[in-house]
Amino acid sequence: MTDLVVYDASQVVTPTDDSELETVRDGAVAVDDGVVVAIGPTEEVVREHPPENATTAIDASEKTVLPGFVDPHTHALFAGDRADEFSAKLEGATYQEILAEGGGILRTVRAVREAARDELVENLLRQFDVMLAHGTTTIEVKSGYGLDVETEVKMLEAIGEAGDRHPIDAVATFMGAHAVPENTDADSYVDHVVEEQIPAVAERGLAEFCDVFCEAGVFSVDQSRRVLEAGRERGLKPKIHADEFERLGGAQLASELGATSADHLLQSTTEDVSALGDSGVTPVLLPGTAFALATDYADADAFERADIPVAIATDCNPNCFSQSMEFAIELACNGMRMSPASAVRAATKTAAAALDRTDGAGTLQRGAPGDLVVADVPDFEHLPYNFGVRNVETVVKGGEVVRRD
Ligand code: NIG
Ligand code: FE
């Protein structure tokens with residue numbers, strides 16, 4: 001008896017260690033005890049795992065089976081929205097101008113400070129439902145709309161609770177250094193993050209990673225280094241928002257510290273690209289952010305030329321309000337000129353690497369978590385080709401169907 005068998009798929013797709021993507025025509029996948037136990041041609045897989053003996057059997061004729069998407073960079077937990085800023089941006093206001101006037105992140109901070117923890121949990125569960133419907137089975141969520149001990153802890157607790165209550169796996173990142181709160185300066189605020197927030201978060205075991213917005217007018221390279229080193233001393237692995245608007249040196253800092261990931265990288269140079277490659281930092285590109293801000297996209301080709309795989313993420317937040325990894329894949333292709341194969345790998349295996357997942361997450365190789373999606377497309381190329389729609393139809397987490405149209 002097998003827990004789950006998906007069979008007769010027109011294509012089964014998985015990233016492997018050596019090639020970009022491996023595809024199987026008329027393929028099948030079997031999952032038992034939460035992990036993939038077989039992948040291959042339907043004929044072979046069903047010999048050992050007959051669908052009629054499986055607890056759940058899915059006929060995937062004319063459909064494509066892929067690993068569940070991993071979304072490795074989001075600020076999906078917030079209160080309120082900033083739809084009016086969207087309109088202001090369309091009329092020419094910039095992201096930094098809005099922030100400098102107390103809007104943007106600082107406005108969301110005011111809303112999150114006022115929100116009760118339960119309200120935050122409900123907000124995040126709603127986002128998770130949409131994400132799951134688009135095929136995301138693992139997601140990173142950052143704090144960073146609190147900027148004080150009490151609210152940062154409240155956010156991280158809400159992320160933990162939403163993760164416990166939802167099929168999506170939630171990975172929590174502490175990002176107290178997301179903005180400088182009003183009425184203080186960056187240096188004094190970094191003291192507060194290092195001396196008060198990081199110990200409070202670490203003592204409660206609320207986060208796996210520590211992130212910082214290393215950007216002109218926000219936190220300098222030295223301030224970012226202080227935050228990330230203090231986090232690391234307390235067991236929080238470093239991540240960094242690097243070179244988004246200005247090339248301040250965030251990518252170089254990520255390499256120096258051996259961060260798990262460096263994210264955004266819109267202004268990074270070839271020197272930065274090789275530094276990241278040499279130090280094994282996973283680059284995370286966020287095409288939705290460039291789309292939302294109508295700016296140039298990150299230079300995905302520079303990474304491709306250097307043979308460094310990149311991850312992609314939604315960056316879901318009130319400035320870039322998209323929950324869909326399907327859309328991120330489309331934008332990776334249409335905006336950054338990535339091949340569909342590279343984009344799918346970026347949304348699965350490399351995205352899992354950006355979260356330091358080493359259990360095969362983001363693949364359908366034997367032994368990997370039984371997280372997969374069935375998309376109503378004949379092959380993976382049709383995912384970005386047929387854009388602006390939801391192609392994902394069925395989502396499986398740990399061998400259980402958790403969403404089906
Ligand atoms: O990754 N750049 C900084 N942080 C977020 C935006 C958060 C917000 O605007 O609320 C980002 O794009
Ligand atoms: Fe971000």
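In what follows, residues are counted from 1 in the order of the sequence shown. Atoms within a ligand are numbered from 1 in the order they appear, just like the ligands themselves. Bear in mind the structure is a predicted one, so any value in this text is a computation, not a measurement.
Applying the side chain to side chain contact (heavy atoms under 4.5 Å, CB included) test between R117 and each of E122, M155, E161 identifies E161 as the sole match.
In this model, a donor atom of one side chain and an acceptor atom of the other lie less than 3.5 Å apart for D315 and T289. For the residue pair K142 and N317, no side-chain donor N or O sits within less than 3.5 Å of a side-chain acceptor on the partner. Remark: the E20 side chain and the S342 side chain contain an N/O donor-acceptor pair separated by less than 3.5 Å.
A distance of 7.5 Å separates CG of L66 from CD1 of I329, quoted to the nearest 0.5 Å.
Taking 2.8 Å as the criterion, H73 counts as a coordinating residue of the Fe ion (ligand 2), since one of its N, O or S atoms falls below it.
When you scan the N, O or S atoms of H241 for the one nearest the Fe ion (ligand 2), you land on NE2. The nearest N/O/S atom of H75 to the Fe ion (ligand 2) is NE2.
Between the side chain of T138 and the backbone N or O of D169 there is no donor-acceptor pair closer than 3.5 Å.
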For ligand 1, which of its N or O atoms have a protein N or O partner closer than 3.5 Å, and how long is each gap?
from, atom 1, to, atom 2, distance (Å)
ligand 1, 1 (O), H73, NE2, 3.4
ligand 1, 1 (O), H75, NE2, 3.2
ligand 1, 1 (O), H241, NE2, 3.1
ligand 1, 1 (O), H264, NE2, 2.8
ligand 1, 1 (O), D315, OD1, 3.1
ligand 1, 1 (O), D315, OD2, 3.2
ligand 1, 2 (N), E244, OE1, 3.0
ligand 1, 4 (N), H178, NE2, 2.9
ligand 1, 9 (O), R82, NH2, 2.8
ligand 1, 9 (O), Y95, OH, 2.7
ligand 1, 10 (O), R82, NH1, 3.0
ligand 1, 10 (O), R82, NH2, 3.3
ligand 1, 10 (O), Y145, OH, 2.6
ligand 1, 12 (O), D315, OD2, 2.7

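Contact detail for V65 and A60: the closest heavy-atom pair is CG2-CB, 4.2 Å.
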